[in-house]
Structure formats: structure tokens, C-alpha cells
Amino acid sequence: NPIMKTLISTTKAPAAIGPYSQATLVNGTLYISGQIPVDPETGKLVEGIDKETHQVMKNLKAILTEAGMTFDNAVKTSIFLKNMDDFAVVNEIYASYFDSGVYPARETVQVSCLPKNVDVEISMIAFKD
């Protein structure tokens, strides 16, 4: 049997720039593609690790909202950094989006390059009964 999946798409987050969806919903689990710091209103990258991290989190929030979820539904995230020296700043900003203080499982890895040469990319898996 084919998997029943719903593609989630919103103009409040950057459009996919390749053969993928912003997110896919399967049996209450939302798989969000890696988000980079593109401002969906202008289509331009924001610069500086603080602003970049906030923009990525706003993009994730917009997709969660479109699927009827919040950061409280997040169960797993993956953070990709171009420079692990940015970890403390990214970590602090990231944590500020989880009001409940209940954080999803996560890994943070340094990579040699990211799309459009950004400094941070975050993907997320969320779940709702």
C-alpha cells in the first residue's frame, strides 16, 4: 500500500529550491526539510549568525503553524553549522523558541558547506496525535 502523505506548503517560509517539499505529514508525524535563513518576504538571505538563526526558527515555526502544530510538537531536530564556534549563540536562540523548556532530541554537526553558503540549517520532525 502506498503511504498516505500530505505535502505541507506555506508562503510564510521559503519555497523549496529543489525537488523536495517544505514538509511532509505522514500519520501525525511532520517531517520538515532543512530550513536556511532566507526571508520568505524578500527571498533574500539574512546575514549574521544571530539573525540567521532567528530566521531559520521563524521559517520552521511557519511550517509548523501551517500543519497545525507548534514547537511543543517537535520531537527531533538536526542542526547543521558551518562553524562550531557559532554553537553557543545558535543554541541560546534555538532554546528561546521552546516556551515550555521541553526540548526535542537533537544533534548538532559542523559541515563544510551549506546551501547558498549559509552558516546554519535546521531540520525538524514533529508529531501530533
Side-chain angles (χ1 to χ4, degrees):
N1 290 347
I3 296 174
M4 293 302 297
K5 58 184 174 182
T6 303
L7 302 183
I8 304 297
S9 182
T10 175
T11 57
K12 293 182 171 80
I17 53 173
Y20 62 90
S21 303
Q22 285 176 333
T24 306
L25 183 64
V26 180
N27 295 331
T29 302
L30 182 68
Y31 300 89
I32 304 177
S33 295
Q35 295 300 302
I36 61 172
V38 171
D39 180 331
E41 288 183 23
T42 64
K44 297 195 183 323
L45 291 170
V46 297
E47 293 186 23
I49 194 62
D50 301 52
K51 288 179 182 168
E52 287 184 53
T53 306
H54 278 295
Q55 187 64 59
V56 167
M57 295 304 287
K58 287 175 192 169
N59 294 344
L60 288 166
K61 182 178 182 179
I63 295 167
L64 285 165
T65 300
E66 186 67 23
M69 298 188 196
T70 69
F71 283 114
D72 287 340
N73 296 99
V75 294
K76 176 78 165 60
T77 59
S78 299
I79 301 178
F80 306 95
L81 297 175
K82 201 160 68 174
N83 186 342
M84 196 56 84
D85 291 343
D86 291 333
F87 180 82
V89 171
V90 170
N91 201 45
E92 185 176 346
I93 293 167
Y94 167 93
S96 74
Y97 282 82
F98 294 91
D99 298 333
S100 65
V102 178
Y103 306 107
R106 171 183 108 178
E107 66 272 316
T108 303
V109 295
Q110 178 174 308
V111 295
S112 61
C113 191
L114 288 166
K116 296 185 180 281
N117 206 31
V118 299
D119 295 314
V120 59
E121 177 175 7
I122 304 175
S123 64
M124 181 176 282
I125 299 171
F127 178 80
K128 185 177 178 183
D129 272 331

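Along the sequence shown, the residues carry numbers beginning at 1. No hydrogens, no waters, no symmetry mates; every other heavy atom, side chains included, goes into these values.
Within the 3.5 Å criterion, the main-chain N or O of P14 finds a donor-acceptor partner in the side chain of Q22. Between the side chain of Q55 and the backbone N or O of V46 there is no donor-acceptor pair closer than 3.5 Å. A donor-acceptor contact shorter than 3.5 Å is absent between the side chain of Q35 and the backbone of L60. Formation of a donor-acceptor pair under 3.5 Å by the N59 side chain with backbone atoms of I36 is found in this model. The main-chain N or O of S21 is found under 3.5 Å from a side-chain atom of S33 such that the two form a donor-acceptor pair. Remark: side-chain polar atoms of K116 are not paired, donor with acceptor, to backbone N or O of L45 under 3.5 angstrom.
Looking only at side-chain heavy atoms (C-beta outward), L7 and T24 come within less than 4.5 Å of each other. The closest side-chain heavy-atom distance from P37 to K51 is not below 4.5 Å. Contact of the K58 side chain with the D39 side chain is not registered, since no non-hydrogen atoms from C-beta on lie closer than 4.5 Å. F127 places none of its side-chain heavy atoms less than 4.5 Å from the side chain of M69. In this structure, the side chains of L30 and N73 stay at 4.5 Å or more apart for every pair of heavy atoms. Here the side chains of L64 and T70 are not in contact, with every heavy-atom distance at 4.5 Å or above. No side-chain heavy atom of S123 sits less than 4.5 Å from a side-chain heavy atom of Y31. Counting only heavy atoms from C-beta outward, the side chains of V102 and D72 never approach each other to under 4.5 Å.
V56 and L114 are members of different hydrophobic clusters when ILVMFWY side chains are connected at heavy-atom separations under 4.5 Å. Cluster membership for I93 and I122, using ILVMFWY side-chain heavy atoms within less than 4.5 angstrom, is shared. Note on V75: it clusters hydrophobically with V26, by side-chain heavy-atom contacts below 4.5 Å among ILVMFWY residues. Under the 4.5 Å side-chain contact rule for hydrophobic residues, V118 and I49 do not share a cluster. Taking hydrophobic clusters as Ile, Leu, Val, Met, Phe, Trp and Tyr residues chained together by side-chain heavy-atom distances below 4.5 Å, F71 shares a cluster with V120.
Counting non-hydrogen atoms of other residues, nucleotides and ligands closer than 6.0 Å to CD of E92 gives a total of 12 or fewer. By the 6.0 Å contact criterion, NZ on K12 is open, its count of non-hydrogen atoms from other residues, nucleotides or ligands being 12 or less.
The CE atom of M57 lies 9.0 Å from the OG1 atom of T53; values are rounded to the nearest 0.5 Å. The CD1 atom of I79 sits 7.0 Å away from the CZ atom of F87 when rounded to the nearest 0.5 Å. Interatomic distance, N27 CG to D129 CG, rounded to the nearest 0.5 Å: 11.5 Å.
Here K76 pairs with E107 in a salt bridge; the nearest charged N to carboxylate O distance falls below 4.0 Å.
Between F98 and Y94, the shortest heavy-atom distance links the atoms CD1-O, 3.3 Å.
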Given the rule in the side chain to side chain contact (heavy atoms under 4.5 Å, CB included) test, do M84 and T108 qualify, once you have shown the distances and angles that lead to the verdict? CA-CA 9 Å; M84 196 56 84; T108 303; 4.3 Å; yes
Assess whether side chain to side chain contact (heavy atoms under 4.5 Å, CB included) is satisfied between N91 and R106, documenting all intermediate values. CA-CA 11 Å; N91 201 45; R106 171 183 108 178; 2.7 Å; yes
Test side chain to side chain contact (heavy atoms under 4.5 Å, CB included) applied to V90 and E52, step by step: CA-CA 9 Å; V90 170; E52 287 184 53; over 6 Å; no
Side chain to side chain contact (heavy atoms under 4.5 Å, CB included) between M124 and I63: does it pass, once the steps are laid out? CA-CA 10 Å; M124 181 176 282; I63 295 167; over 6 Å; no
